[in-house]
Number of protein chains: 2
Amino acid sequence: MRRKIEIKLIEDKPKRHTTFTKRRQGLMKKTEQLCEISDSQAVVIAFSGTGNCYCLGHPHADTVLDRYFGESSSADEVERRIGDAMKSGRWVDAATGLELDELDELLAELEETTRRVEALAAESG
Amino acid sequence: MRRKIEIKLIEDKPKRHTTFTKRRQGLMKKTEQLCEISDSQAVVIAFSGTGNCYCLGHPHADTVLDRYFGESSSADEVERRIGDAMKSGRWVDAATGLELDELDELLAELEETTRRVEALAAESG
DNA sequence: ATGGCTATTTATAACTC
DNA sequence: TGAGTTATAAATAGCCA
């Protein structure tokens with residue numbers, strides 16, 4: 001019944017999504033098992049081709065992500081992250097519902113902070 | 001030779017670490033396969049019990065993480081992330097090598113930004 | 001779309017070097 | 001400690017309810 005398959009894009013879309021669902025479930029299960037069995041922490045984030053987001057972390061996704069960002073720090077990395085975050089609209093989305101002038105003010109402050117970090121990184125590099 | 005095992009903490013430390021290594025490799029492989037076969041994006045981050053960090057993403061870890069944070073935005077989330085980042089020493093580590101007065105100045109700016117975001121979040125909430 | 005059901009493939013626990 | 005080997009457990013591709 002079952003055949004060996006090659007790991008390459010499944011052309012048939014319904015089948016592709018079924019496979020995504022099954023394998024994603026397997027991946028999440030393996031992740032939990034890894035953490036429980038070996039006293040470790042892990043997070044998995046997966047976006048389906050249709051844009052849905054699935055996330056699992058042990059003990060919590062945020063715990064592992066905070067630890068990751070805490071450890072991978074460097075001046076360049078921080079500068080890049082601030083820049084990317086602003087470009088990606090993360091701060092703008094966050095400020096949804098604010099008055100427009102408040103939003104402008106917030107963005108100006110964040111831009112200034114970015115410049116400041118860039119300048120300091122350049123001096124120290 | 002092989003026996004069925006229960007998914008609970010392996011008490012023997014060397015054995016535990018061996019299992020961590022093998023299962024982590026399997027998890028990374030599965031993650032890549034999932035992405036290639038189903039047109040999806042995923043990232044796995046794992047910390048061993050000894051504190052080592054292992055990370056894999058498709059197409060890149062940063063790509064998936066930026067997408068994740070972009071989508072999960074909210075005023076509270078941003079406020080929480082900024083606060084956590086400062087507490088975790090992410091900014092301080094990033095600024096290693098800077099003069100002390102430059103560092104103080106940078107931290108003051110970041111603290112001010114945090115307060116500003118908190119204030120705006122409170123007003124809009 | 002979901003949730004089983006196997007026949008098979010794949011991952012891996014125990015072992016060895 | 002790290003890298004194979006092998007027998008067995010676990011995951012899953014193709015089907016079907």
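These values consider heavy atoms only, across backbone and side chains, with no hydrogens, waters or symmetry-generated copies. Residue numbers begin at 1 in each chain, while the letters A, B, ... track the order of the sequences.
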Note: A:Arg67 and B:Ser48 closest approach over all heavy atoms is NH2-O, 4.4 Å

Minimal heavy-atom distance between B:His58 and B:Ser40, with the atoms involved, is CD2-O, 3.8 Å

d(B:Tyr68 OH, A:Leu65 CG) to nearest 0.5 Å is 6.0 Å

CD of B:Gln33 to OG of B:Ser38, rounded to nearest 0.5 Å, is 11.0 Å

Taking every heavy atom of B:Ala42 against every heavy atom of B:Val64, the minimum-distance pair comes out as O-CG2, 3.6 Å

So the contacted stretch of DNA chain C, first to last nucleotide with an atom under 4.0 Å from a non-hydrogen atom of chain A, runs from C:dG4 to C:dT12

Nearest heavy-atom contact between B:Cys53 and B:Phe47 is CB-CE2, 3.4 Å

Those residues at least two apart in sequence (or on a different chain) that pass side chain to side chain donor-acceptor pair (under 3.5 Å) with A:Thr19 are none

Rounded to 10°, the angle between the first-five-pair and last-five-pair axes of the helix from C:dT2-D:dA17 to C:dC17-D:dG2 is 40°

One should read off an interatomic distance between A:Gln25 CD and A:Tyr54 OH, to the nearest 0.5 angstrom, of 9.5 Å

DNA chain C nearest-nucleotide lookup for A:Pro14 and B:Lys4: closer to the 5′ end is A:Pro14

Salt bridge (charged side-chain N to carboxylate O under 4.0 Å, His left out) pairs touching residues 16-38 of chain A, sequence neighbours excluded, are A:Arg16-B:Asp39

Test side chain to side chain contact (heavy atoms under 4.5 Å, CB included), reference B:Pro14, set B:Asp12, B:Thr18, B:Ile10, output is B:Asp12

On a heavy-atom basis, the closest approach of A:Leu27 and A:Thr31 is O-OG1, 2.8 Å

Contact span of DNA chain D against chain A, any nucleotide atom under 4.0 Å from a heavy atom, 5' to 3', runs D:dA11 to D:dG14

d(A:His17 NE2, A:Thr50 OG1) to nearest 0.5 Å is 4.5 Å

Expected list for residues 17-39 of chain B near DNA chain C, using heavy atoms below 4.0 Å, is B:Thr19, B:Lys22, B:Arg23, B:Gly26, B:Lys29, B:Lys30

